[in-house]
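The first residue in the sequence is number 1, and the count goes up from there.
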Amino acid sequence: MIIDTTKLQAINSFYRSESLKEVYGLVWLLIPIFILVLGIIIGVLVIVWLERQISAGVQQRIGPEYAGPLGILQALADGTKLLFKEDLLPSRGDIYLFSIGPSIAVIAILLSYLVIPFGYHLVLADLSIGVFLWIAISSIAPIGLLMSGYGSNNKYSFLGGLRAAAQSISYEIPLTPCVLSISLLSNSSSTVDIVEAQAKYGFWGWNLWRQPIGFTVFFISSLAECERLPFDLPEAEEELVAGYQTEYSGIKFGLFYVASYLNLLVSSLFVTVLYLGGWNLSIPHILIPELFGLNEMGGVFGMTIGIFITLAKAYLFLFISITTRWTLPRMRMDQLLNLGWKFLLPISLGNLLLTTSFQLFSL
């Protein structure tokens with residue numbers, strides 16, 4: 001039997017090239033994900049520092065100032081401390097549910113960042129159902145909170161988990177018609193298409209002016225989804241000690257802490273995408289996207305400007321959310337549910353009906 005060595009070499013070189021292509025493809029897939037996760041972590045650290053500084057300014061006291069210049073490393077120092085603290089487990093709790101609950105909450109929120117466009121062609125997954133994927137994924141996070149409360153074997157923790165689930169369900173329902181109204185105006189559920197639909201009409205084409213009622217309902221519902229004051233009933237310290245977080249310490253408590261700020265940041269970014277024109281900033285007589293070439297590839301400089309515009313709008317919304325926390329008192333649980341079911345839900349449905357009627361008559 002004669003073996004043709006030339007053919008064997010050709011086959012081996014083919015398989016090597018194919019394996020190299022797979023490796024290169026995996027690397028190019030992981031690099032954008034790594035950059036996105038790194039940017040998200042830095043964004044969360046900035047939000048923690050901003051909240052402490054703004055809170056100190058509202059309450060006329062001194063904020064963080066020792067860890068780094070102006071206290072900018074305070075959030076990093078707190079995270080390092082939590083990382084090295086002892087991880088305690090409840091002796092009679094369900095250890096599996098207790099351990100996996102924080103991870104489910106964080107992973108569900110992180111997946112929402114896949115469909116957020118930070119600039120022109122700067123999105124990991126431009127899906128045709130992008131905004132509804134976010135709503136579906138965000139519904140998973142309260143399951144993690146409920147698992148954490150139940151697994152702690154603590155009545156205060158369990159009540160906090162139940163409150164988190166009830167609050168999430170109550171405010172996701174009015175939030176969905178607001179998102180559906182935006183999809184009707186844009187004729188698409190893709191986050192990129194929604195931004196580009198607003199760019200056609202410039203500054204006055206932002207959905208903030210076309211959907212003021214929907215924006216108000218979305219703003220209130222997003223605060224409730226993020227469990228921010230005055231909607232932080234699941235972790236009310238006067239009633240539930242700390243809610244579902246009561247039995248947690250160390251890195252697991254840190255995951256809850258990170259999840260709350262991740263959720264706040266993703267809500268701010270979706271407000272920017274749905275209502276504030278995304279990476280576009282067209283003002284009368286000055287078309288900034290065209291000036292920097294953002295409607296084309298625009299190079300690295302153009303992409304940087306687009307990211308800066310997106311983050312500037314998101315952090316403006318974050319500033320409003322933080323000042324709201326230190327301005328309004330906490331609601332009772334019955335008031336919170338009444339607001340969601342008896343006021344926001346009818347208003348959001350009425351807004352959806354008006355938007356649908358307008359779209360039908362404008363055809």
Side-chain angles (χ1 to χ4, degrees), residues 44 47-48 50-52 54-55 58-59 102 105-106 108-109 112 134-135 137-146 148-149 156-179 213-246 256-271 274-275 314 316-348:
V44 168
I47 294 172
V48 174
L50 275 177
E51 175 149 40
R52 291 180 171 179
I54 295 170
S55 304
V58 171
Q59 298 176 340
V106 172
I109 297 170
S112 303
W134 165 57
I135 292 174
I137 291 175
S138 63
S139 305
I140 301 173
I143 298 176
L145 306 184
L146 185 58
S148 303
Y156 297 108
S157 301
F158 186 48
L159 284 173
L162 289 175
R163 281 187 177 185
Q167 183 169 317
S168 175
I169 293 170
S170 300
Y171 283 86
E172 273 181 8
I173 295 176
L175 185 143
T176 305
C178 298
V179 175
I213 298 175
F215 172 76
T216 306
V217 175
F218 190 95
F219 173 72
I220 297 172
S221 300
S222 63
L223 286 182
E225 285 285 304
C226 298
E227 297 173 11
R228 303 283 298 178
L229 269 167
F231 304 107
D232 66 333
L233 273 300
E235 49 190 272
E237 64 274 6
E238 293 92 345
E239 308 165 41
L240 302 181
V241 187
Y244 52 84
Q245 308 176 30
T246 301
F256 280 127
Y257 193 74
V258 168
S260 65
Y261 284 101
L262 284 173
N263 204 7
L264 184 61
L265 179 59
V266 77
S267 297
S268 304
L269 288 168
F270 269 102
V271 167
L274 296 177
Y275 292 97
L316 174 63
F317 178 80
L318 284 168
F319 175 78
I320 297 172
S321 302
I322 293 170
T323 51
T324 302
R325 173 181 180 179
W326 300 104
T327 305
L328 301 177
R330 179 182 291 130
M331 305 175 70
R332 297 196 313 267
M333 193 64 192
D334 62 319
Q335 292 174 332
L336 180 139
L337 295 176
N338 284 337
L339 177 65
W341 288 103
K342 295 183 179 179
F343 291 93
L344 295 185
L345 179 58
I347 291 172
S348 62

- Message: Restricting to non-hydrogen atoms, name the atom on Ile322 and the atom on Ile54 that form the minimum distance, rounded to 0.1 Å.
- Response: CG2-CG2, 3.7 Å

- Write down the atom of Trp326, the atom of Ser55, and the distance for their closest heavy-atom approach. NE1-OG, 2.5 Å

- Working for salt bridge (charged side-chain N to carboxylate O under 4.0 Å, His left out), residues Glu227 and Arg163: CA-CA 10 Å; Glu227 297 173 11; Arg163 281 187 177 185; over 6 Å; no

Quiz: residues 336-345 side-chain donor-acceptor pairs under 3.5 angstrom, not counting sequence neighbours:
unit_1, atom_1, unit_2, atom_2, d
Asn338, ND2, Asp334, O, 3.1
Trp341, NE1, Ser170, OG, 2.9

- Using the side chain to side chain contact (heavy atoms under 4.5 Å, CB included) rule, pick out the option among Pro177, Ser348, Ser222 that qualifies with Val217. Ser348

- Query: Would a 4.5 Å heavy-atom cut-off, applied to side chains only, mark Arg228 and Thr324 as touching?
  - Reply: no

- Message: What I'd like to find out is whether the side chain of Phe215 reaches to under 4.5 Å of the side chain of Val271, using heavy atoms alone.
- Response: yes

- Query: Under 6.0 Å between the ring centres of Phe231 and Tyr171?
  - Reply: yes

- Task: Give the minimum heavy-atom separation between Phe256 and Ser148, together with the two atoms involved.
- Result: CZ-OG, 3.2 Å

- Query: Heavy-atom distance under 4.5 Å between the side chains of Leu318 and Leu50, does that happen here?
  - Reply: no

- Query: How long is the span from the CG atom in Leu262 to the CD1 atom in Ile47, to the nearest 0.5 Å?
  - Reply: 8.0 Å

- Task: Would you name the heavy atoms of Glu51 and Arg325 that are closest together and state the gap between them?
- Result: OE2-NH1, 2.6 Å

- Query: In Å and rounded to the nearest 0.5 Å, what is the CD to CD1 distance from Glu225 to Ile109?
  - Reply: 10.0 Å

- Quick one: SG on Cys178 to CD1 on Ile213, what's the gap to the nearest 0.5 Å? 10.0 Å

- Does a side-chain heavy-atom distance below 4.5 Å link Ser321 with Leu223? yes

- Task: Check Pro329 against Pro230 and note the closest heavy-atom contact, atom names and distance.
- Result: O-CB, 3.0 Å

- Note on the structure: Output for pair (Asn263 CG, Ser138 OG), nearest 0.5 Å, gives 7.5 Å

- Give, for atom OG of Ser157 and atom CG of Leu145, the distance between the pair rounded to the nearest 0.5 Å. 11.5 Å

- Does a side chain donor of either Ser221 or Glu172 reach within less than 3.5 Å of an acceptor in the other side chain? no

- Item | From Phe270, Phe218, Phe219, residue fulfilling ring pair (Phe, Tyr, Trp, His ring centres under 6.0 Å) relative to Phe317 | Phe219

- Query: Where is the tightest heavy-atom contact between Ser168 and Pro142, given as atom of each residue plus distance?
  - Reply: OG-CG, 3.1 Å

- Item | Distance (rounded to the nearest 0.5 Å) between Ile320 CD1 and Ser268 OG | 9.5 Å

- State whether a side-chain donor-acceptor pair under 3.5 Å links Gln245 with Tyr257. no

